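Report on the structure given below.
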Amino acid sequence: MLEKYQPADIELAAQQRWQKTAAARAVEDTSCPKYYCLSMFPYPSGKLHMGHVRNYTIGDVLARFHTLQGYNVLQPMGWDAFGMPAENAAIQNKVPPAQWTYANIEYMKGQLQRLGFAIDWEREVATCKPDYYRWEQWLFTRLFEKGLIYKKLGTVNWDPIDQTVLANEQVIDGRGWRSGALIEKREIPMYYMKITAYADELLAALDDLPGWPEQVRLMQKNWIGKSTGVRFAFPYELDGKADQLWVFTTRADTIMGVTFVAVAAEHPLATYAAAKNPEIAAFVEECKKGGVAEADIATMEKKGVPTGIFVTHPLTGEQVEVWVGNYVLMGYGDGAVMAVPAHDERDFAFAKKYRLAIKPVVAVAGHEFSTDAWQEWYADKANGVCVNSGKYDGLDYAAAVYAIAADLAAKELGEKKVQFRLRDWGISRQRYWGCPIPIIHCDCCGDVPVPDAQLPVVLPENVVVDGAGSPLARMPEFYETTCPKCGKPAKRETDTMDTFVESSWYFLRYCCADNDQAMVDERVAYWCQGGIDQYIGGIEHAILHLLYSRFWTKLMRDVGLFDNFPAGARLDEPFANLLTQGMVVAPTYYRDEADGKKLWLNPADVDLECDARGRPVAATLRADGQPVVIGGIEKMSKSKNNGVDPQALIDQYGADTARLFIMFASPPDQSLEWSDAGVDGAFRFLKRLWKIVYDHSSVGSVAAYVPGQDGELSPALKAFRRQLHLAIGKIADDYGRRKQFNTAIAAVMELLNAYGKLADSEPLARAVRQEALEAVAVLLWPIVPHIGEELYATLKPGCAISDAGWPKVDEAALKQDEIELMLQVNGKLRGSLRVPASADRAAIEAQALASEAVQKHLAGQAPKKLIVVPGRLVNIVV
RNA sequence: GCCGAGAUGGCGGAAUCGGUAGACGCAGCGGAUUCAAAAUCCGCCGUAGAAAUACGUGAGGGUUCGAGUCCCUCUCUCGGCACCA
């Protein structure tokens with residue numbers, strides 16, 4: 001052992017050793033419990049950022065901790081390799097997306113290896129490789145045949161200048177990010193997966209996921225949005241033809257207060273009205289402007305036009321006018337809603353704006369209705385009763401809904417219905433860099449799935465992308481084919497799949513990445529039995545990725561892929577335990593360019609000017625000294641160029657410091673604003689630890705203290721051993737149950753602070769020191785494995801830390817003779833009290849009352865009440 | 001707009017089940033060591049106050065012997081909103 005801590009040397013040596021001994025290789029082994037530790041795989045964007053370091057360090061700490069606990073641990077890694085950034089890079093740098101992607105994978109893999117993660121690289125998958133996506137295509141054909149994938153029209157962002165479909169992210173303030181053109185909505189045919197058929201199961205199963213954070217289950221529950229209500233119709237006659245306008249409502253009790261009906265711009269009634277009236281046509285056109293993102297639509301000013309078409313109220317027979325509203329979504333329910341301005345806040349605002357009737361039909365005792373302003377109670381369904389509602393007057397919410405639904409049903413104009421907010425998953429993308437959809441379009445046979453023998457449909461990799469439409473659609477050598485059914489010339493589908501599809505099952509493929517005969521095999525049963533033991537990833541994936549993964553697992557189950565697994569290993573849910581890490585956020589900086597686009601600048605290239613309180617007031621680009629605009633503080637991302645590359649940190653301090661620092665900075669589930677203040681402290685701590693072990697071991701070797709054998713300890717050593725064994729227990733709890741690593745590190749720091757204050761150096765003290773240092777090396781090993789192994793090798797030559805196992809807590813060392821209780825008078829801290837650990841309540845009360853601090857604050861008053869919290873405090877109330 | 005989360009010293013954070021607010025670390029200040037510096041070590045470090053003490057966990061209210069923690073109202077920040085991944 002060298003006197004000086006030199007991280008670069010010991011880290012590279014350790015990494016070479018791990019590679020040579022295949023230390024992280026995971027092999028199925030039924031003789032011990034398995035632990036499948038999964039981190040969300042990265043998109044290969046170029047370089048790692050601190051969010052990745054945080055995510056994968058958490059995973060590595062848990063993996064190594066469970067190795068110490070005797071589990072057979074699997075920690076795999078791969079690449080979410082399809083996606084838009086590769087196409088953007090291709091346009092910018094004129095490099096094929098495949099080439100860019102593979103280069104990024106190579107670089108980022110090197111960074112992950114340099115960080116010392118115990119990853120089994122033999123299981124690596126990259127989703128852009130045919131041996132991966134062929135199975136996705138294979139399952140697609142099965143689902144298509146089962147009717148779980150179908151085709152319908154979907155609305156997309158259309159850039160009329162670039163003649164291309166844009167992602168929501170590429171629409172900025174209603175304009176295309178490259179062309180600057182005003183974006184329009186356009187309907188195109190797309191393939192959809194019937195996730196709504198699984199809505200009930202996806203919802204109900206949330207209750208069986210106790211290992212998931214409550215907030216994630218709640219978000220998914222709200223996303224699925226199961227609501228019970230009534231679907232009913234307004235009959236009408238148009239050009240002599242009778243028809244019905246269907247709507248859904250959860251507030252059927254307010255049906256007598258309907259004063260108009262609103263339909264989406266794409267609704268047939270809107271189309272009909274637009275054909276006759278240029279003003280309505282103009283409004284429908286206006287509704288087509290702008291993108292499809294719900295956040296934009298929901299924050300838009302609510303507008304509408306009357307159509308002049310009237311429908312009949314199904315219960316009152318009154319005529320109700322149909323409006324076209326820009327806030328009604330065609331893809332949601334029936335594309336039409338009933339409007340009850342008196343009891344729906346949005347309808348109220350709309351009615352006030354267009355001076356439509358507001359008819360209150362629910363009253364709440366003690367409240368007076370007024371059309372002047374909206375009041376919270378107008379929408380209260382718990383305390384209301386029907387009024388102005390004829391035969392329904394006096395009924396409460398449940399009774400009114402029941403009676404009204406029954407009356408509608410009797411007229412065959414409605415029924416009770418369960419509706420979900422969840423919509424089917426549109427998976428078609430008009431993009432090149434994705435998994436080809438395995439469908440062949442034949443004029444005679446229709447949409448024909450590609451037969452197994454012709455899979456995979458390989459995506460050509462040497463393709464130039466120019467941003468104007470999908471290059472596949474311009475490649476006859478790709479799309480020209482023959483129909484598998486009739487043999488006539490046919491056209492291959494040129495859309496690719498949503499990249500969420502690849503990330504919905506990669507975690508199963510890790511188990512059997514080398515199987516070229518089947519999508520999954522019995523190794524999946526071994527590793528995934530009871531669910532993946534731990535999944536770690538960003539909270540931003542709380543809904544979409546995690547919901548799609550749950551859905552795909554159920555699809556694979558229902559296609560029969562788990563049928564051959566042992567009973568009990570057939571998966572319903574993929575992830576038993578979920579840890580959602582908070583975002584690592586960083587400031588964004590940009591410049592507005594001449595063509596209206598934003599140029600995002602990396603924080604590392606920006607100099608800041610701060611006010612007296614340290615808040616940034618101005619920023620300049622280091623390269624040219626000119627000002628840049630300070631944007632918001634957002635999650636690190638490629639698109640905003642605010643990712644902080646850990647490389648400089650690793651180069652300067654080493655991987656252990658980087659890992660220790662990011663784990664110490666905050667608990668994993670909290671979002672973390674990036675700052676490197678404190679890195680020095682993490683490095684200093686490792687240097688100090690190194691020096692302590694060096695100083696201790698350079699005197700000569702000594703065996704760790706064995707209680708009951710090595711003799712009685714001084715009070716100081718006894719207290720220190722108590723702290724050591726408390727720390728061992730606390731840190732196991734922090735790693736295992738709480739998954740909070742900053743407090744575990746703090747406990748080791750406190751232990752070393754106490755170690756530094758130990759004065760003794762006689763053999764017994766050295767034995768206790770040895771015991772403590774051996775333990776510390778193991779306790780910290782999950783976080784800082786390189787230095788951990790080095791220190792352990794010095795302390796116990798010839799012994800491997802990975803065989804050491806987690807240190808055992810010596811319960812006897814935890815015992816205390818005396819404890820300290822806090823003394824309060826009227827809840828205010830007035831002193832403390834030392835009592836024997838065995839003291840009973842009466843003795844504690846007596847001693848508390850007798851104490852000087854209490855007597856002083858009682859000032860002669862008689863205590864009214866005495867509260868004793870065992871082991872904590874005494875509160876005296878006067 | 002809707003859904004979810006968060007706010008504690010100059011800064012990151014601790015307080016795990018309603019019971020010592022500020023552990024641990026950063027920054028800062030003082031000292032030791034050094035020709036000097038770096039590194040290292042020791043001490044101080046919420047605000048006001050000489051002290052006793054009072055105040056103090058985003059703001060306002062409430063429950064309780066006792067509230068950072070529970071309840072109500074509000075503000076701001078972050079994540080998601082179905083084509084960023």
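Bear in mind that the values here come from a model prediction, so they are computed numbers and not experimental data. By convention in this document, chain letters (A, B, ...) are assigned in the order of the sequence lines, proteins followed by strands, and residues within each chain are numbered from 1.
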(message) Without decimals, in angstroms, what is the distance between A/E750 CD and B/C24 C1'?
(response) 6 Å

(request) Check for a donor-acceptor pair, side chain of A/N826 on one end and backbone N or O of A/V878 on the other, with a separation under 3.5 Å. (result) yes

(message) Should the side chain of A/N875 and the base of B/C65 be counted as holding a donor-acceptor pair, with the cut-off at 3.5 Å?
(response) yes

(request) Find the distance A/D734:CG to B/G13:C1' and express it as a whole number of Å. (result) 14 Å

(message) Any strand counts, and the cut-off is 3.5 Å on both contacts for Watson-Crick or G-U wobble. Which nucleotide pairs with B/A82?
(response) none

(request) Nearest whole angstrom, please: distance from the C1' of B/G19 to the CD1 of A/I819. (result) 14 Å

(message) Between A/Q220 (side chain only) and A/A542 (backbone N and O only), is there a donor and an acceptor less than 3.5 Å apart?
(response) yes

(request) State the pairing partner of B/A54; accept Watson-Crick or G-U wobble contacts with both distances under 3.5 Å, and report none otherwise. (result) B/U47

(request) May I ask you to say what A/A542 touches in the nucleic acid, namely base, sugar-phosphate or nothing, with a heavy-atom cut-off under 4.0 Å? (result) nothing

(message) Testing A/W79, A/F82, A/Y132, A/Y506 one by one against A/F41 for a ring pair (Phe, Tyr, Trp, His ring centres under 6.0 Å), which residue passes?
(response) A/Y506

(message) So, OP1 or OP2 of B/G25: does either fall under 4.0 Å of a side-chain N or O from A/N742?
(response) no

(message) Under 3.5 Å for both donor-acceptor distances, Watson-Crick or wobble: does B/C17 have a partner, and if so which one?
(response) none

(message) Going by purine N1 to pyrimidine N3 plus the second Watson-Crick contact, or the G-U wobble pair, all under 3.5 Å, which nucleotide sits opposite B/A5?
(response) B/U77

(request) Name the nucleic acid region contacted by A/L422, choosing base, sugar-phosphate or nothing; use a 4.0 angstrom heavy-atom cut-off, strictly under. (result) base

(request) Please report, rounded to the nearest Å, how far the P atom of B/A5 is from the CD atom of A/Q220. (result) 14 Å

(message) When both hydrogen-bonding distances must be under 3.5 Å and the geometry is Watson-Crick or G-U wobble, what is B/A38 paired with, if anything?
(response) none

(request) Please determine, for B/U69, whether a Watson-Crick or G-U wobble partner exists with both distances under 3.5 Å, and give it or none. (result) none

(message) What's A/R738 touching, base or sugar-phosphate or nothing? Going by heavy atoms closer than 4.0 Å.
(response) base

(request) Go ahead and name the base partner of B/U64; Watson-Crick or wobble counts if both distances stay under 3.5 Å, otherwise write none. (result) none

(message) Tell me whether A/D159 contacts the main-chain N or O of A/D162 through its side chain, where contact means a donor paired with an acceptor under 3.5 Å.
(response) yes

(message) Closest approach to the side chain of A/E294, judged atom by atom: which nucleotide of B/A82, B/U20, B/G13 is it?
(response) B/A82

(message) Could you tell me how far apart A/R684 (CZ) and B/U40 (P) are, to the nearest whole angstrom?
(response) 6 Å

(request) Under 4.0 Å between any heavy atoms, over every strand shown, what does A/N753 touch: base, sugar-phosphate, or nothing? Just pick one. (result) sugar-phosphate

(request) Please determine, for B/C26, whether a Watson-Crick or G-U wobble partner exists with both distances under 3.5 Å, and give it or none. (result) B/G10

(message) Regarding B/U16, can its base be found pairing with the side chain of A/R737 as donor and acceptor, where the two atoms are less than 3.5 Å apart?
(response) yes

(message) Using the ring centroid of each side chain, check whether A/F741 and A/F664 are separated by less than 6.0 Å.
(response) no

(message) Distance criterion of 3.5 Å, no angle test: do you see the side chain of A/K828 paired donor-to-acceptor with the base of B/U53?
(response) no

